[in-house]
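In what follows, a single structure is set out as structure tokens and then discussed.
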Amino acid sequence: PRPAPGVFELLAADVGQGNAVLVRTARHTLLYDAGPRYSPESDAGHRVLVPLLSQSNEAVDMLMLSHRDSDHTGGAAAVLAMQPQAQLWSSLEAAHPLAQRPGHVPCKAGQRWTWDGVQFEVLHPLPDASAPKPNALSCVLRVQGTGASALLAGDIEAAQERELLARGLLPVDWLLVPHHGSKTSSSADFLDALQPRLA
């Protein structure tokens, strides 16, 4: 069954070293990241996400790729081949093959939309931001439903966490920890501000 209006559901797929989080509302579905590429012949899209989406009969409205690292984009081509209707949002550079897809939308702080009473907001990167490392440009997505909230933080590092704190961050119930809990991320100030119940 789908969530009730105003409520969202998160499913973090077990893809190994990488991210793939399914966000479901009453009538919409977002996939945040598409897991890793395991080898030239195998990726999380073919092995995990396509079977998951097929078995649950999910139609993905949006695939958001936080940034270009292969542990986040490895399964994207397989998912998009199965879900041609999905809109692709990302922080990929314009020359990246996935960014060539018609209708690709670059993530920019301030983008907002509402699905079935659930609010979605991109908090990072800032418009016209540039960085030497793709981690710093990760799409950060806040999801707010009735009585619950989540932050999906890609691979941002401590410097980007400080930028977000300076702009103001509200506590969340669930946090997809930045950069898989790397020592370069998930700083004490960031965690203290968010106070997640579950990470």
Side-chain angles (χ1 to χ4, degrees), residues 1-15 18-35 44 48-49 52-67 72 75-76 79 83 85-91 103 105-126 138-156 160-161 163-181 185-186 189-199:
R2 298 200 70 87
V7 176
F8 69 91
E9 173 187 276
L10 288 184
L11 174 69
D14 184 357
V15 294
N19 285 344
V21 179
L22 201 63
V23 184
R24 298 169 78 234
T25 67
R27 293 186 302 276
H28 293 86
T29 301
L30 178 146
L31 180 61
Y32 181 90
D33 282 339
V48 180
L49 299 173
L52 171 68
L53 295 167
S54 178
Q55 186 178 42
S56 55
N57 199 29
E58 288 290 336
V60 175
D61 297 282
M62 181 188 297
L63 171 59
M64 181 176 285
L65 300 175
S66 60
H67 64 298
H72 299 257
V79 170
Q83 303 273 350
Q85 78 289 342
Q87 188 174 30
L88 178 62
W89 288 42
S90 80
S91 65
V105 178
C107 293
K108 299 294 178 190
Q111 293 163 322
R112 295 180 178 89
W113 69 94
T114 302
W115 283 343
D116 311 315
V118 177
Q119 299 170 2
F120 294 78
E121 182 179 6
V122 177
L123 302 181
H124 185 80
L126 290 170
S138 291
C139 305
V140 176
L141 181 66
R142 190 177 199 281
V143 185
Q144 177 68 58
T146 303
S149 56
L151 189 73
L152 308 178
D155 278 1
I156 60 168
Q160 293 78 53
E161 292 175 359
E163 290 173 22
L164 287 167
L165 288 170
R167 287 187 269 137
L169 274 181
L170 296 173
V172 294
D173 297 288
W174 296 301
L175 172 66
L176 180 65
V177 293
H179 206 183
H180 322 281
S185 307
S186 303
D189 288 345
F190 188 72
L191 296 175
D192 287 344
L194 291 175
Q195 300 177 12
R197 289 194 292 113
L198 183 67

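Quick caveat, the model's predicted, so the values are computed rather than measured.
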| field | Gap between atom CZ of F120 and atom CG of L152 - 0.5 Å precision | value | 9.0 Å
| query | With a 3.5 Å cut-off and no angle check, do the side chains of D155 and S138 form a donor-acceptor pair? | reply | no
| task | Return the minimal non-hydrogen interatomic distance between S186 and E161, and the atom names on each side. | result | N-OE2, 2.5 Å
| request: Could you go through the side chain to side chain donor-acceptor pair (under 3.5 Å) check for D33 and S66 one step at a time? | output: CA-CA 6 Å; D33 282 339; S66 60; 2.9 Å; yes
| request: Flag the pair Y32 / W89 as yes when their ring centroid distance falls below 6.0 Å, and as no otherwise. | output: no
| field | Heavy-atom pair with the smallest gap, counting every atom of P3 and V7 | value | CB-O, 3.4 Å
| Should the pair R112-E121 be classified as a salt bridge under the 4.0 Å nitrogen-to-oxygen rule? | yes
| 4.5 Å side-chain heavy-atom contact, S149 and R142 | yes
| task | Could you check whether the rings of W115 and H28 sit parallel, tilted or perpendicular, using 30° and 60° as the cut-offs? | result | parallel
| said: Let me confirm one number: the CG-CE distance from L30 to M64, rounded to the nearest 0.5 Å. | reply: 6.0 Å
| T114 and Q119: side-chain donor and acceptor closer than 3.5 Å? | no
| Closest heavy-atom pair and its distance - P1, R24 | O-NH1, 3.6 Å
| remark: Residues A153 and V140: closest non-hydrogen pair is O-CG2, 3.9 Å
| Between Q111 and W113, do the side chains contain an N or O donor and an N or O acceptor separated by less than 3.5 Å? | no
| What's the shortest heavy-atom distance between L175 and P196, and which atoms? | CB-CB, 3.8 Å
| Close side-chain approach of L53 to Q83, heavy-atom, < 4.5 Å | yes
| query | Is the closest side-chain heavy-atom distance between L141 and L123 below 4.5 Å? | reply | no
| task | Determine, step by step, whether V48 and D14 satisfy the side chain to side chain contact (heavy atoms under 4.5 Å, CB included) criterion, reporting the C-alpha distance in whole Å, the side-chain angles of both residues, the deciding distance to 0.1 Å, and the verdict. | result | CA-CA 8 Å; V48 180; D14 184 357; over 6 Å; no
| request: Would you name the heavy atoms of L63 and A34 that are closest together and state the gap between them? | output: CD1-CB, 4.4 Å
| task | Could you tell me whether R2 and E9 have a side-chain N and a carboxylate O separated by less than 4.0 Å? | result | no
